[in-house]
K.L.:
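Below is the structure I would like to discuss, written out as structure tokens.
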Amino acid sequence: MYVATLLLVWYIFCLPRRLFDTPYATVVTDRHGELLGARIARDGQWRFPPCDTVPPKFAACLIEFEDRYYRHHCGFNPLAMGRALLQNIRSKHVVSGGSTLTMQTIRLSRGKKRTVDEKLIETILATRLEFRCSKDEILALYASHAPFGGNVVGIDAAAWRYFGHSADQLSWAEAATLAVLPNAPAMIHFSKNRDALLKKRNRLLKRLYLREIIDGIDCELALSEPLPSEPLPLPQTAPHLVNYFFRNNPGEHTVSTVDRNIQEQVESLLSRWNAEFVRSDIRNLAAIVIDVRTNQVAAYCGNVNFEDRKSGSQVDVIRSPRSTGSILKPLLYCAALQDGEILPHTLLPDIPVNINGFSPQNFSLQFDGAVPASEAIARSLNVPSVILLRRYGVPRQYDFLGKAGISTLSKPSSHYGLSLILGGAEATLWDVTAAYADMARTLSGLERTRCSPVAHEERKTLPPLYRPGAVWQTFEAIKEVNRPEEIDRRMIPSMQTVAWKTGTSYGFRDAWAVGATPRYVVGVWVGNASGEGKPELVGARTAGPVLFDIFNMLPASGWFKMPEGEFVEAEICRHSGHLKGRFCDEVDTMAILPNGLKTQACPYHIHVTLSADGRFRVFEHCVGAAAVTHRHLFVLPPAWEWYYRRRHPEYRPLPPFMPGCGNDAQLPMQFIYPQGNNATVTLPVQLDGNPGAVTFELAHSDNDATVYWHLDENYITTTRDFHKITLTPAAGRHSLTAVDGEGNTLSVSIVVN
């Protein structure tokens, strides 16, 4: 009894919990189960992860060829073993093993030599396996680990390597071919003893016909199919995504969210564009498409020419941090809107600035004086964006970008400073496109979740970040934008409305474009993975056309609906974009966010008293009984006005004061550089080691004014028209004073390092 108990316990625990302890290939399929690609197992075998079920055709062929009574025995077949024993005795060598499919599964898992003792162990373990697993599960274990010649293991790998499609699509001829291969894969193969292999396959097909498993037509068609000539390469669709899963989920079968149809169309499109870009020595190109409704990746093209190992094509640009250029400006605009820092069309200065040595320039190297915030974002103007960031606060925007999913901000906000909005920070195409997808989902009334390339993955809901109203105003600003100073005239207009933004990094190293519709968000990057800059690498000229080609390829969608309950109506100054001020006569009623009511009322309209003919400003007490007129005028600061008038011929500056009728506190001139008192000026060091010079600039509202310059009360020079002087002041504190011909005086203190 004791011995029987021990034997029973041993029998119960004799079968390892994990039957196969072998490495598997990494397999990635699209959302519909179509194979995108695979990476070989670490032991050099094409062994796909185990399948759960076996295709019916292959199961029928395998059972008929290997173990006709598979469905009826308990792991071993005494009759088959006896028959095999007699055959081996008569032949005086092993010609048949009599093993069932269950016993062969055990043998595959153990990898031992064929001996009588091993056969006995296989028989015992086979009966134990029959208790643990169903017949279909055992069949799947065998099919997943059976050798099919060379380094091909398992039915799934064999189907792709030999026939170029999944096991579910096997024909009767293909299923029969694979069913006979594991019997002697080293002796009979596609490249060796092909005639013997063909005869074995055909004999099996005829047996299937005789047993009425297939009909005559299927049999004739199967017999006429030729054998494949050699193993086929596996698909190489979305290779960078396959590599990503190979690094993160090695040895697993991952069902991605990619749609193979969209993926292949995008890859083909990128290849065509790459053929054009390489003429300018621009070698790399990446794109990602996100389905807004599911927040899943529909296409993932990490680069082009994956097989070319010399041009940086192995680099997955989607996951690689790159300088952002202007691509993050809409996020600043959105944050400033929803926090009540600006209204959609609030005027922002666009003048030369120097902020502690940082002097941003617009792409056009021109200045508008003042532009509405929406236009500044649409035209991607750098100077107004820097000034907006300065007003909003670098730490606030840094925190906002972190919450938006920009994961590459590894240094404190002080490290980036105001350059944060001009490409001073790096981001990945994944993070940037996902951030725009977040905005699109918010505007579509969907919750925030992490974007994922893995299907059927449970994703945690993220806290809300964007107000739908702010996103609406942001997308309205950047939809179908036209930038004449950047746009490539070859661009084909999109057949649908798209909110889009481009970016160009410093040194023309990175060209970006991201666009959003209610259905898809597309991100594109063009450049050289090596970081080599090219003059042609401008976002709107390279990435922009690719972006619209992708959108034209995708199913079209309408435009977002204006969110309800997000806005309040307010009177807005038509000229300044601010809330209506006391002296604003021309106003529009607009829908704004509630926080916008906290913004400043228009500061640019003033009440003035003019002479009857409107030529001069006057004080009523000094003109006596003479007729006067009262007007409300739109007046910009002198530095803004200097540039604004060049773009806006309709702008009228303040008339001069009537001679002898006094002056007021409003000065007609303003320093462009330096700005503000106690500005620190650092002189560059020349090649000979001597200190360089610094240029001071001033704007005057009177084009004909003469300005007299003084440094520390010492007269320096006189300027007309363009008020610039270049000096080399000694180190220390100085006072710079400008006096015009009317006696208006303007001074500023500077500290020279």
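What's counted below: heavy atoms across the whole structure, side chains too, no hydrogens, waters or symmetry copies.
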K.L.:
So does Tyr11 have more than 12 non-hydrogen atoms from other groups sitting under 6.0 Å from OH?
P.N.:
yes
K.L.:
Yes or no on side-chain contact (heavy atoms from CB on, under 4.5 Å) for Val9 and Leu6, after CA distance, side-chain angles and deciding distance?
P.N.:
CA-CA 5 Å; Val9 172; Leu6 288 178; 5.7 Å; no
K.L.:
Which of parallel (below 30°), tilted (30 to 60°) and perpendicular (above 60°) describes Phe163 and His165?
P.N.:
parallel
K.L.:
For the pair His240 and Phe306, name the ring-plane relationship: parallel under 30°, tilted 30 to 60°, perpendicular over 60°.
P.N.:
perpendicular
K.L.:
Can you confirm whether Arg459 is buried at CZ, in the sense that more than 12 heavy atoms of other residues, nucleotides or ligands lie under 6.0 Å from that atom?
P.N.:
yes
K.L.:
Is the shortest distance from a Lys or Arg side-chain nitrogen in Glu64 or Arg207 to a carboxylate oxygen in the other one below 4.0 Å?
P.N.:
yes
K.L.:
Is Glu174 reaching over with its side chain to a backbone N or O of Ser171, donor-acceptor style, under 3.5 angstrom?
P.N.:
yes
K.L.:
What is the minimum heavy-atom distance between Cys133 and Glu137, and which atoms define it?
P.N.:
CA-OE1, 3.3 Å
K.L.:
Taking 4.0 angstrom as the limit, do Lys135 and Glu130 come out as a salt bridge?
P.N.:
yes
K.L.:
With a 4.5 Å cut-off on side-chain heavy atoms, are Leu234 and Arg161 touching?
P.N.:
yes
K.L.:
Measuring only between side-chain heavy atoms, which start at C-beta, is Ile550 closer than 4.5 Å to Leu269?
P.N.:
yes
K.L.:
Salt bridge check, Glu118 against Arg110: does any charged N sit closer than 4.0 Å to a carboxylate O?
P.N.:
yes
K.L.:
Near Leu210 CG, under 6.0 Å, is it more than 12 heavy atoms from other residues, nucleotides or ligands?
P.N.:
yes
K.L.:
Apply side-chain contact (heavy atoms from CB on, under 4.5 Å) to Phe131 and Cys74, showing your working.
P.N.:
CA-CA 9 Å; Phe131 280 111; Cys74 62; over 6 Å; no
K.L.:
Just one of Asp156, Ile40, Val153 clears the side chain to side chain contact (heavy atoms under 4.5 Å, CB included) bar with Trp46, so which one?
P.N.:
Ile40
K.L.:
Without swapping roles, check the side chain of His73 against the backbone of Gly75 for a donor-acceptor pair under 3.5 Å.
P.N.:
yes
K.L.:
With heavy-atom distances below 4.5 Å as the criterion, would you say the side chains of Thr237 and Glu264 are in contact?
P.N.:
yes
K.L.:
Kindly check if the number of other-residue, nucleotide or ligand heavy atoms within 6.0 Å of NZ (Lys206) is above 12?
P.N.:
no
K.L.:
Under the side chain to side chain donor-acceptor pair (under 3.5 Å) test against Asn274, which residue among Asn284, Asn303, Asn305 passes?
P.N.:
Asn305
K.L.:
For the OH atom on Tyr209, are there more than 12 heavy atoms of other groups (residues, nucleotides or ligands in this structure) within a distance under 6.0 Å?
P.N.:
no
K.L.:
What distance do Ser109 atom OG and Tyr142 atom OH have between them, rounded to the nearest 0.5 Å?
P.N.:
13.0 Å
K.L.:
Would the distance check show the side chain of Asp218 and the main-chain N or O of Ile214 forming a donor-acceptor pair, the cut-off being under 3.5 Å?
P.N.:
no
K.L.:
To the nearest 0.5 Å, tell me how far Phe245 CZ sits from Thr26 OG1.
P.N.:
10.5 Å
K.L.:
Kindly indicate, with the supporting measurements, whether the criterion salt bridge (charged side-chain N to carboxylate O under 4.0 Å, His left out) is fulfilled by Asp291 and Arg293.
P.N.:
CA-CA 6 Å; Asp291 189 319; Arg293 298 167 302 179; 3.3 Å; yes
K.L.:
Would you call Asp21 and Arg18 a salt bridge, taking side-chain N to carboxylate O under 4.0 Å as the test?
P.N.:
yes
K.L.:
So with a 6.0 Å cut-off around CZ of Arg132, is the heavy-atom count from everything else above 12?
P.N.:
yes
K.L.:
Rounded to the nearest 0.5 Å, how far apart are CE of Met103 and CG of Asp67?
P.N.:
10.0 Å
K.L.:
Consider side chain to side chain donor-acceptor pair (under 3.5 Å). Of His145, Glu66, Glu122, which one does Gln104 pass it with?
P.N.:
Glu66
K.L.:
Check whether Phe277 forms a cation-pi arrangement with Arg283 (NZ or CZ under 6.0 Å from the six-membered ring centre, at most 45° off the ring normal).
P.N.:
no
K.L.:
Does the distance from a Lys or Arg side-chain N to an Asp or Glu carboxylate O, for Glu426 and Arg322, drop under 4.0 Å?
P.N.:
no
K.L.:
If you count every heavy atom of other residues, nucleotides or ligands that lies below 6.0 Å from Arg71 atom CZ, does the total exceed 12?
P.N.:
yes
K.L.:
Do Leu241 and Pro453 touch side chain to side chain, with heavy atoms closer than 4.5 Å?
P.N.:
yes
